[in-house]
Novice: 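Submitted below is the structure of interest, expressed as structure tokens.
Bear in mind that the values here come from a model prediction, so they are computed numbers and not experimental data.
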Amino acid sequence: LSKTLPDGRRQVTGFAFPADFLGFAFRDAYGFTAEAITAATLCRFPRRKLIALFDEFPQLERRLLAVASNELEAAQEQMLLLGRKSARERLASFLLAMSRRAEERGEPASPVELPMGRPDIADFLGLTTETVSRTFTRLTRDGLIEPLSPTLQHLPDREALAEIAEGGAEE
């Protein structure tokens with residue numbers, strides 16, 4: 001999910017996974033773009049029909065409220081990440097977030113699948129592609145991640161990554 005500024009710069013605001021809701025807004029136009037980076041199947045609900053379903057299935061409305069609440073919390077975490085964290089802290093936070101998302105989908109926490117490219121990760125973390133690549137290399141050298149393929153990262157020491165993400169480990 002991203003937004004492109006008038007000068008061409010792009011900010012990736014998040015990554016959607018199976019069963020995620022997209023585009024639930026009350027405006028007629030969306031301010032963000034969704035682009036599939038893997039094969040995807042979407043199910044579209046016209047707004048008025050979805051609202052009518054809320055009357056029939058109140059648990060659906062509660063579920064969407066929970067989704068919106070989680071998205072708000074994620075946006076607050078992203079503001080902290082972009083505003084205060086170092087590149088190493090940002091990447092460690094990102095890897096742990098992707099690991100948690102995998103667990104939420106019933107997948108193992110490690111290895112973690114990263115189907116997005118380094119430029120997408122950089123645009124999400126507010127870094128350059130070069131900085132993301134150097135930071136991946138450094139985390140690998142330090143034994144905190146093990147690349148199994150270009151898109152698959154083993155996280156052998158999630159506790160150490162969590163310490164880095166929270167700003168408790170030296171650069």
Side-chain angles (χ1 to χ4, degrees), residues 1-5 8-24 30-40 42 66-171:
L1 308 172
S2 67
K3 181 163 185 107
T4 302
L5 300 173
R9 290 177 293 157
R10 178 180 76 141
Q11 177 66 52
V12 172
T13 59
F15 298 98
F17 293 93
D20 283 354
F21 283 90
L22 300 177
F24 190 70
Y30 298 105
F32 295 85
T33 299
E35 177 184 350
I37 55 177
T38 63
L42 302 176
V67 167
S69 177
N70 290 340
E71 285 184 8
L72 180 58
E73 183 180 353
Q76 291 168 334
E77 285 292 324
Q78 186 69 3
M79 285 189 294
L80 172 65
L81 181 138
L82 292 173
R84 295 287 179 225
K85 291 189 176 188
S86 69
R88 187 173 165 95
E89 292 166 345
R90 291 177 194 195
L91 188 55
S93 296
F94 173 74
L95 291 169
L96 290 170
M98 292 297 105
S99 177
R100 281 189 301 275
R101 292 292 306 268
E103 285 183 302
E104 290 168 3
R105 294 188 310 274
E107 299 170 6
S110 180
V112 64
E113 182 75 32
L114 303 175
M116 66 291 291
R118 298 293 190 261
D120 292 330
I121 295 170
D123 286 347
F124 180 69
L125 297 177
L127 301 168
T128 65
T129 304
E130 295 77 14
T131 298
V132 168
S133 292
R134 281 193 306 271
T135 307
F136 264 107
T137 298
R138 190 165 169 209
L139 291 175
T140 301
R141 184 193 68 219
D142 293 346
L144 298 168
I145 61 174
E146 294 174 15
L148 302 178
S149 75
T151 62
L152 197 62
Q153 297 286 332
H154 174 55
L155 311 180
D157 193 347
R158 291 175 64 205
E159 286 182 20
L161 281 175
E163 189 174 329
I164 291 167
E166 294 301 319
E170 292 294 318
E171 289 273 333

Novice: Under the side-chain contact (heavy atoms from CB on, under 4.5 Å) criterion, do E35 and D120 qualify, and how do the steps go?
Specialist: CA-CA 11 Å; E35 177 184 350; D120 292 330; 6.0 Å; no
Novice: Are the side chain of K85 and the backbone N or O of G167 linked by a donor-acceptor pair below 3.5 Å?
Specialist: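 Not a single qualifying donor-acceptor pair exists.
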Novice: Could you pull out the closest heavy-atom pair between A92 and A165, with the gap in Å?
Specialist: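 Heavy-atom minimum between the residues: CB-N, 4.0 Å.
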Novice: Given side chains that start at C-beta, do those of F94 and L91 come closer than 4.5 Å, heavy atoms only?
Specialist: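 They are in side-chain contact.
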Novice: With a 4.5 Å cut-off on side-chain heavy atoms, are Q153 and P147 touching?
Specialist: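 The answer is yes; the side chains approach within 4.5 Å.
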Novice: Looking at every heavy atom in both P115 and T38, which two are closest together, and how far apart are they?
Specialist: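 Heavy-atom minimum between the residues: CB-CG2, 3.5 Å.
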Novice: Taking C-beta and beyond as the side chain, do L144 and R88 meet within less than 4.5 Å on heavy atoms?
Specialist: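 Contact flag for L144/R88 side chains = yes.
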Novice: Please find the pair of heavy atoms, one from P156 and one from G143, that lie closest to each other, and give the distance.
Specialist: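 Heavy atoms of P156 and G143 come nearest at CG-O, 3.4 Å.
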Novice: Rounded to the nearest 0.5 Å, how far apart are CG of N70 and CZ of F21?
Specialist: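 Going from CG on N70 over to CZ on F21, the span is 12.0 Å.
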Novice: Report, as yes or no, whether the 6.0 Å neighbourhood of atom CZ on R9 holds more than 12 heavy atoms from other residues, nucleotides or ligands.
Specialist: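 For R9, atom CZ is not crowded (no more than 12 foreign heavy atoms under 6.0 Å).
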Novice: Indicate yes or no: at least one non-hydrogen side-chain atom of F32 is less than 4.5 angstrom from one of Q11.
Specialist: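 No, side chains not in contact.
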Novice: With distance as the sole test, does S99 use its side chain to make a donor-acceptor pair with the main-chain N or O of L95 at under 3.5 Å?
Specialist: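 Checking the backbone N and O of L95 against the side chain of S99, no donor-acceptor pair under 3.5 Å is found.
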Novice: What's the shortest heavy-atom distance between A160 and D157, and which atoms?
Specialist: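 Here A160 and D157 meet closest at N-OD1, 3.0 Å.
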Novice: Could you go step by step and tell me if R100 and E103 meet the salt bridge (charged side-chain N to carboxylate O under 4.0 Å, His left out) rule?
Specialist: CA-CA 5 Å; R100 281 189 301 275; E103 285 183 302; over 6 Å; no
Novice: Indicate yes or no: at least one non-hydrogen side-chain atom of F124 is less than 4.5 angstrom from one of M116.
Specialist: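 F124 does not reach M116 side chain to side chain.
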Novice: I need the L1 CG to T33 OG1 distance, nearest 0.5 Å.
Specialist: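 Result: 9.0 Å between the selected atoms.
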Novice: Hey, could you give me the CD1/CZ distance between I164 and R90, rounded to the nearest 0.5 Å?
Specialist: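 That separation rounds to 15.0 Å.
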Novice: Is a side-chain N or O of R105 found less than 3.5 angstrom from the main chain of A19, in a donor-acceptor match?
Specialist: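 The answer is no, because no donor-acceptor pair under 3.5 Å joins these two groups.
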Novice: Closest heavy-atom contact between F15 and M98?
Specialist: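 It is CD1-CE, 4.5 Å.
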Novice: When you measure from the side chain of E146 to the backbone N and O of T140, does any donor-acceptor pair fall under 3.5 Å?
Specialist: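 Side chain of E146 to backbone of T140: no pair is present.
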Novice: Contact between I145 and V112 at the side-chain level, heavy atoms closer than 4.5 Å - yes or no?
Specialist: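 With C-beta onward as the side chain, the pair stays apart.
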Novice: Which distance, rounded to the nearest 0.5 Å, do you find between the CD1 of I121 and the OG1 of T131?
Specialist: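 Reported to 0.5 Å precision, the distance equals 13.0 Å.
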Novice: Taking T129 for the side chain and A122 for the main chain, is one N or O donor matched with an acceptor at less than 3.5 Å?
Specialist: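 Side chain of T129 to backbone of A122, a donor-acceptor pair under 3.5 Å: no, none is there.
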Novice: Could you check whether any side-chain heavy atom of R118 comes within less than 4.5 Å of a side-chain heavy atom of F136, counting everything from C-beta outward?
Specialist: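 R118 vs F136: side chains touch.
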